[in-house]
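Written out below as structure tokens is the structure these notes cover.
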Amino acid sequence: MTTKVTVLGTGIMGAGMARNLARAGFDVTVWNRSADKARPLAEDGITVAEDPAAAVAGADIVLTMLFDADAVTEVMAAALPACGPDAVWVQSSTVGLEATDRMAELAAARGIGFVDAPVLGTRQPAEQGKLMVLAAAPAGLRDRVTPVFDAVGARTIWVGERPGDGHCLKLTANAWVLSITTATAQSIALAGRLGLDPQRFLDVIAGGPVDSAYAQLKGRNMITGDFAPAFALDGAAKDAALILSAIRGAGVDDRLMHAVHAQLSAAADAGHEDMAAVIRAVLPPPENASA
Ligand code: NAP
């Protein structure tokens, strides 16, 4: 029998993931708070549900890909009572360590399986089925969710068995992603203010040991002013706050992430743009126009 997968949240990430699940032959249902973002998925043979409870009824796997912990908690409060006893909840939104523990408890109280499965990768990998899934679940659940991860990702890393193990690696990796993006903005801004063409900074690191494909990508976006959201600033600022909380809990000095969080938050107030727009906080107008 075809496995039924429900995706709750069809934003930048969830829409691509749902389409790849449908392409892989799953029977896919989606729900999104703003129905206009979910409706186009019907053209891919995906069922669009009216509310979270209707969406999860009869689902084998329920995948949450919502903005933050509050959104997941709110949506699952409506969906959990409608989940069947054999359903498995795959939680892929980035929600942090404390919220992951709370969600695992909610699933246990309902008697269903819970898989902590944040992902690495942005819009394009989500659309291409090339995400990296950082998963954690008891060994007995792995076989059930592996085909789902194979459909949305290029690679699954089983980090551990405890809920939160996946998020530990996700927050560690995102600390690097957010820091390198903010540091790239700093060098682009500095080059511009010192009278250089900022492209020269990207050229001088290109191909060497301190180069990074991400710095090149986001750096080019900063120079050209292309801020179409792939990893949106509001999400980056939210993740920086989750990382700060993990850093403090782990007893690691938080000054670097504190600065990164401040820059991302300041830029996020400008709206739902890509994280590359952090350049606006690093180099406030009108100077950023010449960067
Ligand atoms: P997004 O495009 O902003 O989509 C967010 C989704 O959450 C939308 O479906 C939105 O519904 C929904 N939502 C927000 N608040 C809600 C609420 N109170 N109740 C119900 N639904 C709510 O974000 P995204 O980029 O797809 O990210 C989704 C998750 O993946 C986030 O946790 C993010 O940190 C994580 N992630 C993102 C990336 C990336 O590069 N984009 C990479 C890895 C992980 P509406 O459409 O109605 O607003």
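Counting starts at 1 for both ligands and their atoms, following the listed order. If you read the sequence from its start, that first residue is 1, and numbering goes on from there.
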Knowing that exactly one of L178, V282, I279 qualifies, which makes a side chain to side chain contact (heavy atoms under 4.5 Å, CB included) with Q263?
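For Q263, the side chain to side chain contact (heavy atoms under 4.5 Å, CB included) test succeeds with only one of L178, V282, I279, which is V282.
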With side chain to side chain contact (heavy atoms under 4.5 Å, CB included) as the test, pick out the partner of V119 among K170, M65, M132.
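Option passing the side chain to side chain contact (heavy atoms under 4.5 Å, CB included) with V119: M65.
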Sorted by chain and number, the residues that approach ligand 1 to under 4.0 Å with a heavy atom
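Residues G9, T10, G11, I12, M13, N32, R33, S34, K37, M65, L66, F67, A71, E74, V75, S93, T94, V119, G121, T122, K170, A230, F231, K238, D239, H272 each place a heavy atom under 4.0 Å from ligand 1, listed by chain and number.
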With sequence neighbours excluded, what pairs up with D36 under the salt bridge (charged side-chain N to carboxylate O under 4.0 Å, His left out) test?
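Partners of D36 by the salt bridge (charged side-chain N to carboxylate O under 4.0 Å, His left out) criterion come out as none, since no residue qualifies.
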In chain order, what residues pass the salt bridge (charged side-chain N to carboxylate O under 4.0 Å, His left out) check against D165, with sequence neighbours excluded?
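Expected list: R162.
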If you round to the nearest 0.5 Å, how far is NE2 of H167 from CG of D101?
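These two atoms lie 10.5 Å from each other.
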E127: what forms a side chain to side chain contact (heavy atoms under 4.5 Å, CB included) with it, not counting sequence neighbours?
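By the side chain to side chain contact (heavy atoms under 4.5 Å, CB included) rule, E127 matches R123.
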